[in-house]
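What follows is a set of notes on a single structure, which appears directly below.
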Amino acid sequence: MTTTTRTTADPRAALATRTPFFYGWAVVVASGSTLFVRNAAATLTIAVFVFPMSEDLGWSRTLIVGASAAAGVAAMFVSPLAGWVLQRFGARALMSWSVLLLGAVILSLRWTTNPITFYLLFGIGRLMFSAPLQIGAATTAARWFVRLRGRSNSMLGVTHSLGMGLFPLSAQLFMNANGGDWRMAWFWLGISVWVIALPLTLLVVVNRPEDVGLTPDGDESPTGNGGESSTPTAAEREVQWTL
């Protein structure tokens, strides 16, 4: 009865029980999409914009790349806050809002006209890169997998690496398609962030397997007399740490 009620109330629960494979892999792919798109604020991506922006705005190249360095320092103070948000509201909320904000600030760079605006917008995007998305994706994978945690984390690493290679390339392609207009390239990068990661994060990610009646790694919890577990699963054997 409990499982039926949960399935009716939450479409993700219904999806989790109907997939022909363990739903945790879908969650990992969705979480990996956030690591993929976070490269919109990567140093490799901003490198594509250094020359056209410096030529158009008259800014030094040091000033432009300094936004990434400044945000990297600020990320030290944002990371604990991201951890608190994850504990309080869950990884799906953390990643969804981070992707939404990342896309918004990246596309807004189209209208930047002064260094202060640029540092604020790109700095916020870089903060999303450094803290919430990294913490959210890694924590989600760790909750869904214990025995196969190494494999799930390797998938996250692959998606991030793909983003490192494809987002700078996409930035240049967007720029070429718009006659060398770096402003439109930022705009379409921001739209890409939303299109790629936001639907997956909102519709697929579940904070914990227990929320949809599953167990980590897809293991079935064997029961003995009285319905109590006689042999603990890998997740049950894992040491749980408090905040």
Side-chain angles (χ1 to χ4, degrees), residues 3 6-7 10-42 44 79 82-83 85-103 128-167 170 192-221 232-241:
T3 303
R6 184 187 295 114
T7 301
D10 189 348
R12 283 174 292 270
L15 181 62
T17 58
R18 288 175 170 80
T19 53
F21 52 86
F22 177 50
Y23 189 71
W25 295 116
V27 174
V28 168
V29 170
S31 300
S33 71
T34 68
L35 296 185
F36 180 86
V37 301
R38 76 175 184 151
N39 286 283
L44 292 173
S79 293
V85 172
L86 186 147
Q87 292 276 1
R88 180 67 177 82
F89 301 103
R92 184 174 72 242
L94 177 66
M95 290 190 291
S96 298
W97 281 104
S98 298
V99 168
L100 184 65
L101 184 57
L102 175 62
M128 298 303 102
F129 172 97
S130 301
L133 294 178
Q134 175 67 34
I135 293 171
T139 302
T140 303
R143 286 175 172 174
W144 277 86
F145 292 94
V146 179
R147 287 184 300 100
L148 302 175
R149 186 170 293 163
R151 188 177 303 175
S152 64
N153 276 285
S154 70
M155 290 181 63
L156 295 181
V158 168
T159 56
H160 173 59
S161 297
L162 287 172
M164 289 176 63
L166 293 178
F167 258 86
S170 298
S192 298
V193 168
W194 286 346
V195 170
I196 294 171
L198 199 54
L200 287 173
T201 309
L202 289 171
L203 302 177
V204 176
V205 171
V206 176
N207 293 322
R208 301 179 306 163
E210 293 82 1
D211 293 343
V212 288
L214 300 175
T215 57
D217 299 302
D219 292 339
E220 293 185 6
S221 183
T233 64
E236 293 167 337
R237 291 194 301 268
E238 187 178 35
V239 177
Q240 301 296 323
W241 298 85

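Position 1 is the first residue of the sequence; numbering continues from there.
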Exercise. Is there a side-chain contact between V99 and L102 (heavy atoms, below 4.5 Å)?
Worked result: no

For this session: For W194, enumerate each residue passing the ring-ring contact (aromatic ring centres under 6.0 Å, His included) test, keeping only those at least two apart in sequence or located in another chain.
Result: none

Exercise. Say you draw a straight line from CE of M155 to CG of L35; how long is it, rounded to the nearest 0.5 Å?
Worked result: 11.5 Å

Only distances under 3.5 Å count here; give the side-chain donor-acceptor pairs of residues 20-33 to other protein atoms, sequence neighbours excluded, each with its distance to 0.1 Å.
{"from": "Y23", "atom 1": "OH", "to": "V204", "atom 2": "O", "distance (Å)": "2.5"}
{"from": "S31", "atom 1": "OG", "to": "V27", "atom 2": "O", "distance (Å)": "2.9"}
{"from": "S33", "atom 1": "OG", "to": "A30", "atom 2": "O", "distance (Å)": "2.5"}

Exercise. Do N153 and F145 touch side chain to side chain, with heavy atoms closer than 4.5 Å?
Worked result: no

Problem set entry | Between CG on residue L203 and CZ on residue R12, distance to nearest 0.5 Å | 7.5 Å

Exercise. To the nearest 0.5 Å, what is the distance between OG (S170) and CG (N39)?
Worked result: 10.5 Å

Exercise. How many angstroms lie between atom NE2 of H160 and atom CD of Q134, to the nearest 0.5 angstrom?
Worked result: 7.5 Å

Problem set entry | Note, L94 side chain near F89 side chain (heavy atom, < 4.5 Å) | no

Problem set entry | Euclidean distance, T19 OG1 relative to L214 CG, rounded to 0.5 Å | 8.0 Å

Problem set entry | Those residues that, when tested against R143, pass salt bridge (Lys or Arg N to Asp or Glu O under 4.0 Å) (two or more places apart) | none

Problem set entry | Distance (rounded to the nearest 0.5 Å) between W144 CH2 and E210 CD | 8.0 Å

Seminar exercise, completed: In terms of heavy-atom contacts, A91 and G136 come closest through CB-O, 4.0 Å

Exercise. What is the minimum heavy-atom distance between I135 and S79, and which atoms define it?
Worked result: CD1-O, 3.8 Å

Exercise. Taking only residues two or more places apart in sequence or in another chain, which ones pass ring-ring contact (aromatic ring centres under 6.0 Å, His included) with F129?
Worked result: none

Problem set entry | side-chain hydrogen bond (donor to acceptor under 3.5 Å, both in side chains) partners of R208, counting only residues at least two apart | D211

Problem set entry | Test side chain to side chain contact (heavy atoms under 4.5 Å, CB included) applied to S96 - qualifying residues, sequence neighbours left out | R92, T201, L202

